[in-house]
Amino acid sequence: DVQLQASGGGSVQAGGYLRLSCEASGISLNDYAIAWFRQTPEKGRERVSCISKSDGSTYYGDSVKGRFDISGDSAKNTVTLQMNNLKPEDTAVYYCAADLVTCAYFSVSTYFRFSYWGQGTQVTVSS
C-alpha cells in the first residue's frame with residue numbers, strides 16, 4: 001500500500017516559520033514527484049510546491065516563491081517543505097501528493113490527477 005504521511009503543521013505568528021514533512025511508503029522518491037497543495041474554504045485548492053528528483057526540478061506557486069523551499073531526502077523517502085516568513089494568508093490545510101515521475105499535474109486545474117494523497121496538516125498563521 002502507498003501511504004503519504006504529512007506532518008509538521010501548527011500555529012505560528014506572522015514572520016515565523018514551519019517545516020512540513022511528507023514521508024512516503026510504498027513508493028520511491030526517485031520515481032515519483034511529490035507536491036504540496038493547500039486548501040481553504042475561501043480560495044479553494046492552491047498549488048504550493050513540487051519536486052521531482054528524477055529530473056531534479058522544483059516548482060513553486062507564485063504566492064510562496066522566495067519564502068518556501070522544497071527538498072527531498074531519498075534515504076528517508078521524505079520531502080520537506082521549509083516555510084519561512086509566514087503570512088496570515090498562508091493559513092490553510094496543507095496536503096502532500098505523489099505522481100509518477102514529474103510535476104506535470106502541478107496546477108489547480110490538474111491537481112486531481114495526482115495518484116496518491118496524504119492526510120492534511122493544518123497551518124495557522126496569526127497576525
Side-chain angles (χ1 to χ4, degrees):
D1 286 352
V2 176
Q3 288 191 345
L4 301 177
Q5 183 68 43
S7 61
S11 298
V12 295
Q13 290 193 324
Y17 66 91
L18 284 173
R19 180 178 295 177
L20 303 185
S21 293
C22 180
E23 182 178 4
S25 58
I27 58 173
S28 170
L29 290 189
N30 294 324
D31 301 321
Y32 279 76
I34 303 292
W36 287 95
F37 294 88
R38 63 190 184 188
Q39 185 158 358
T40 63
E42 298 78 19
K43 297 181 183 179
R45 192 154 306 198
E46 184 182 11
R47 67 180 203 159
V48 177
S49 188
C50 188
I51 184 169
S52 172
K53 292 191 70 66
S54 64
D55 62 8
S57 59
T58 57
Y59 303 89
Y60 296 92
D62 290 341
S63 61
V64 306
K65 281 181 183 176
R67 300 188 296 122
F68 291 12
D69 182 64
I70 192 169
S71 61
D73 185 334
S74 296
K76 296 181 180 179
N77 224 29
T78 297
V79 167
T80 297
L81 183 69
Q82 179 69 39
M83 307 187 297
N84 300 320
N85 190 22
L86 284 163
K87 304 175 180 180
E89 50 264 43
D90 294 317
T91 295
V93 179
Y94 284 68
Y95 298 89
C96 61
D99 200 59
L100 195 62
V101 183
T102 72
C103 296
Y105 297 136
F106 180 56
S107 81
V108 294
S109 60
T110 57
Y111 69 87
F112 55 89
R113 292 182 180 271
F114 271 79
S115 300
Y116 305 104
W117 290 82
Q119 88 289 1
T121 185
Q122 177 71 45
V123 171
T124 302
V125 184
S126 57
S127 57

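Nothing fancy with the numbering, it's 1 onward along the sequence.
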Quick one: does L29's side chain get under 4.5 Å of I34's, heavy atoms only?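 Contact flag for L29/I34 side chains = yes.
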
Taking only distance into account, with no hydrogens and no angle test, what donor-acceptor pairs under 3.5 Å do side-chain atoms of residues 98-113 form with protein atoms, sequence neighbours excluded?
unit_1 : atom_1 : unit_2 : atom_2 : d
D99    : OD1    : S115   : N      : 3.2
D99    : OD1    : S115   : OG     : 2.8
T102   : OG1    : A104   : N      : 3.3
S107   : OG     : S109   : N      : 3.3
S107   : OG     : S109   : OG     : 3.0
S107   : OG     : T110   : N      : 3.2
S107   : OG     : T110   : OG1    : 2.8
T110   : OG1    : Y105   : O      : 3.0

Nearest 0.5 angstrom please: [X] [atom1] to [Y] [atom2], how far?
X: L18; Y: L81; atom1: CG; atom2: CG; answer: 10.0 Å
X: Q119; Y: C96; atom1: CD; atom2: SG; answer: 7.0 Å
X: E89; Y: T40; atom1: CD; atom2: OG1; answer: 11.0 Å
X: N84; Y: R67; atom1: CG; atom2: CZ; answer: 9.0 Å
X: C50; Y: I70; atom1: SG; atom2: CD1; answer: 6.5 Å

At their closest point, which heavy atom of Q39 faces which heavy atom of R45, and how far apart are they? OE1-NH2, 2.6 Å

Please name the pair of heavy atoms, one in I27 and one in L4, separated by the smallest distance, quoted to 0.1 Å.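 In this case the closest contact between I27 and L4 is CD1-CD2, 4.2 Å.
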
Spell out, as yes or no, whether a donor-acceptor pair under 3.5 Å connects the side chain of T91 to the backbone of V125.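 Such a contact is found between T91 side chain and V125 backbone.
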
Quick check against the 3.5 Å criterion: does N77 have a side-chain atom that pairs as donor or acceptor with the backbone of A24? yes

Below 3.5 Å, can you tabulate the donor-acceptor pairs from side chains in residues 6-17 to any protein atom, sequence neighbours excluded?
none

Any idea how W117 and Y95 line up, ring-wise: parallel (<30°), tilted (30 to 60°), or perpendicular (>60°)? perpendicular

Applying ring-ring contact (aromatic ring centres under 6.0 Å, His included), can you list everything that pairs with Y32, at least two apart in sequence or on another chain?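 Testing Y32 for ring-ring contact (aromatic ring centres under 6.0 Å, His included), a comparison that skips the adjacent residues, returns none.
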
What residues form a ring-ring contact (aromatic ring centres under 6.0 Å, His included) with Y94, not counting sequence neighbours? none

Would you mind listing every ring pair (Phe, Tyr, Trp, His ring centres under 6.0 Å) that reaches into residues 42-78, with sequence neighbours excluded? none

Out of K43, R38, R47, which one pairs with S63 under the side chain to side chain donor-acceptor pair (under 3.5 Å) rule?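 Option passing the side chain to side chain donor-acceptor pair (under 3.5 Å) with S63: R38.
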
Listed by chain and number, what are the side chain to side chain donor-acceptor pair (under 3.5 Å) partners of D55, not counting sequence neighbours?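 Applying side chain to side chain donor-acceptor pair (under 3.5 Å) to D55 gives S52, S57.
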
Do the side chains of K87 and D90 get close enough for a salt bridge, i.e. N-O under 4.0 angstrom? no

Check for me, please, whether V79 and M83 land in the same ILVMFWY cluster - side-chain distances under 4.5 Å, paths through other members count. yes

Please check if the number of heavy atoms outside Q3 that lie under 6.0 Å from its CD is greater than 12. no

